[in-house]
Amino acid sequence: MGRPPCCDKVGIKKGPWTPEEDIILVSYIQEHGPGNWRSVPTNTGLMRCSKSCRLRWTNYLRPGIKRGNFTPHEEGMIIHLQALLGNKWASIASYLPQRTDNDIKNYWNTHLKKKLKKFHSALEPNNDINMSHDHSTTTSSSHRFLSNKTPPPPPPPPPPTTSTSHGGGSS
DNA sequence: AAAAGGACCAACCGCAGGATT
DNA sequence: AAATCCTGCGGTTGGTCCTTT
């Protein structure tokens, strides 16, 4: 007997969240704290799967998150950390507590990747073929990019990791 | 003024790891 | 010790808005 799908397709709503759904989710989490996502749809009556609830909360509804308008400093941090860690968006996000991994990932894919590519081809017009290897090439020269564009970001602080264990650490 | 193309953002899907029974 | 379940992560897709022709 295999494991049942996380959200069996029947009756599960997909697509953009409505303000009403947001309110239900937020008030439930305010009362019970985040975590135990499995029980959220059951207890709230939301026709969403647990994954969708968690995603909505972490990427949009969670208090204290900042969206859009990345500062040059944040941008520098992201480029630096991406060169350091690769596409570990969750790890990168842990250095920018106000940002979500999804937001950072989107920003990287839409803005920074392009910016870096431009920079690289300006720097090494003959080698722009190498740009297909995203990470390997960004590693060394993104630092040069940084030193041109923005002040070098501070060395990565120890990851916050405020009791990420689910269930136990309800904030 | 309308149409086409490109860019951006929010959300979904599948996979992997960790925890629990 | 093995099997199952839940959560989290990264990649990808779809829809909408903005800009250019």
Side-chain angles (χ1 to χ4, degrees), chain A residues 1-26 28-29 32-44 46-72 74-75 77-121 131-139 142 156 158-171:
Chain A
M1 194 70 98
R3 135 193 195 193
C6 111
C7 27
D8 45 5
K9 314 292 184 198
V10 287
I12 293 298
K13 189 176 169 192
K14 287 197 222 173
W17 281 65
T18 64
E20 290 79 16
E21 288 176 312
D22 284 344
I23 290 168
I24 292 171
L25 182 59
V26 168
Y28 177 82
I29 290 174
H32 299 87
N36 201 5
W37 296 108
R38 183 74 174 167
S39 65
V40 173
T42 316
N43 294 341
T44 57
L46 283 168
M47 305 304 276
R48 298 279 182 171
C49 75
S50 54
K51 264 181 171 183
S52 187
C53 295
R54 184 182 62 80
L55 209 63
R56 183 63 179 169
W57 171 256
T58 49
N59 287 337
Y60 203 87
L61 301 174
R62 188 164 52 109
I65 61 171
K66 212 164 71 175
R67 296 172 55 247
N69 295 322
F70 279 78
T71 65
E74 287 174 320
E75 197 171 291
M77 286 278 284
I78 293 167
I79 294 171
H80 180 70
L81 290 167
Q82 202 277 344
L84 226 56
L85 305 170
N87 295 355
K88 302 290 180 191
W89 306 118
S91 308
I92 294 172
S94 69
Y95 294 98
L96 299 164
Q98 294 179 308
R99 300 294 185 177
T100 69
D101 57 344
N102 203 42
D103 209 16
I104 292 171
K105 182 169 57 179
N106 277 331
Y107 190 67
W108 173 263
N109 285 328
T110 54
H111 294 86
L112 297 181
K113 210 153 95 173
K114 217 173 292 174
K115 231 172 180 174
L116 276 177
K117 187 169 183 171
K118 213 177 204 171
F119 172 74
H120 280 294
S121 50
M131 280 308 295
S132 47
H133 302 1
D134 209 25
H135 176 226
S136 58
T137 48
T138 50
T139 310
S142 61
T161 55
T162 49
S163 73
T164 48
S165 56
H166 36 265
S170 55
S171 50

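A note on names: the letters A, B, ... follow the listed sequences, proteins ahead of strands, and every chain is numbered from 1. Just so it is clear, the model here is predicted, and its values are computed rather than measured.
- In this structure, Lys105(A) reaches the bases: a heavy-atom distance under 4.0 Å links it to at least one base atom across the strands shown.
- For residues 102-111 of chain A, the set of pairs meeting the salt bridge (charged side-chain N to carboxylate O under 4.0 Å, His left out) definition, not counting sequence neighbours, comprises Arg99(A)-Asp103(A).
- Atom CG in Asn87(A) sits 12.0 Å away from atom CD1 in Ile104(A) (nearest 0.5 Å).
- Listed pair Trp37(A) / dG8(C) meets the phosphate criterion, a side-chain N or O lying under 4.0 Å from OP1 or OP2.
- Among the atoms of the strands shown, only primed sugar atoms or phosphate atoms (P, OP1, OP2) are found under 4.0 Å from some heavy atom of Arg56(A).
- Tyr107(A) comes within 4.0 angstrom of nothing in the nucleic acid, heavy atoms only.
- Comparing dC13(B), dG14(B), dG11(C) by their closest approach to the side chain of Lys51(A) singles out dG14(B).
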Next item on the list: Would you check, one step at a time, whether the test side chain to side chain contact (heavy atoms under 4.5 Å, CB included) holds for Leu46(A) with Trp17(A)?
Entry: CA-CA 11 Å; Leu46(A) 283 168; Trp17(A) 281 65; 4.1 Å; yes
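- For Arg48(A), the side-chain atoms get nearest to dC12(B) when compared with the rest of dT7(C), dC15(B), dC12(B).
- Candidate nucleotides dG8(C), dG10(C), dC13(B) were compared by shortest atom distance to the side chain of Lys14(A), and dC13(B) ranks first.
- The pair Glu21(A)-Arg56(A) does not count as a salt bridge, with every side-chain nitrogen at least 4.0 angstrom from each carboxylate oxygen.
- If you take CZ of Arg54(A) and C1' of dC9(C), they are 8 Å apart, rounded to a whole angstrom.
- When all heavy atoms of Ile92(A) and Leu85(A) are compared, the pair lying nearest together is CG1-CD1, 4.0 Å.
- Here dC8(B) is the nucleotide among dT7(C), dC8(B), dC9(C) with the atom lying nearest to any side-chain atom of Thr110(A).
- Counting non-hydrogen atoms under 4.0 angstrom, Thr58(A) reaches nothing in the nucleic acid.
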Give me the distances for all protein-to-nucleotides 13-17 of chain C N/O pairs that come in under 3.5 Å?
none

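- Under 4.0 angstrom from either OP1 or OP2 of dG8(C) there lies no side-chain N or O belonging to Trp89(A).
- Listed nucleotides dT12(C), dG11(C), dC8(B) differ in distance to His111(A); the shortest reach to its side chain belongs to dC8(B).
- When heavy atoms are screened at a 4.0 angstrom cut-off, Asn102(A) is found touching base atoms of the nucleic acid.
- Distance from the side chain of Asp101(A) is smallest to dC9(C) among dG14(B), dC6(C), dC9(C).
- In this structure, of dT7(C), dA11(B), dT12(C), it is dT7(C) that holds the atom nearest to the side chain of Arg38(A).
- At whole-Å resolution of the value, CG in Leu55(A) and P in dC9(B) are 16 Å apart.
- At whole-Å resolution of the value, CG in Asn36(A) and P in dG8(C) are 11 Å apart.
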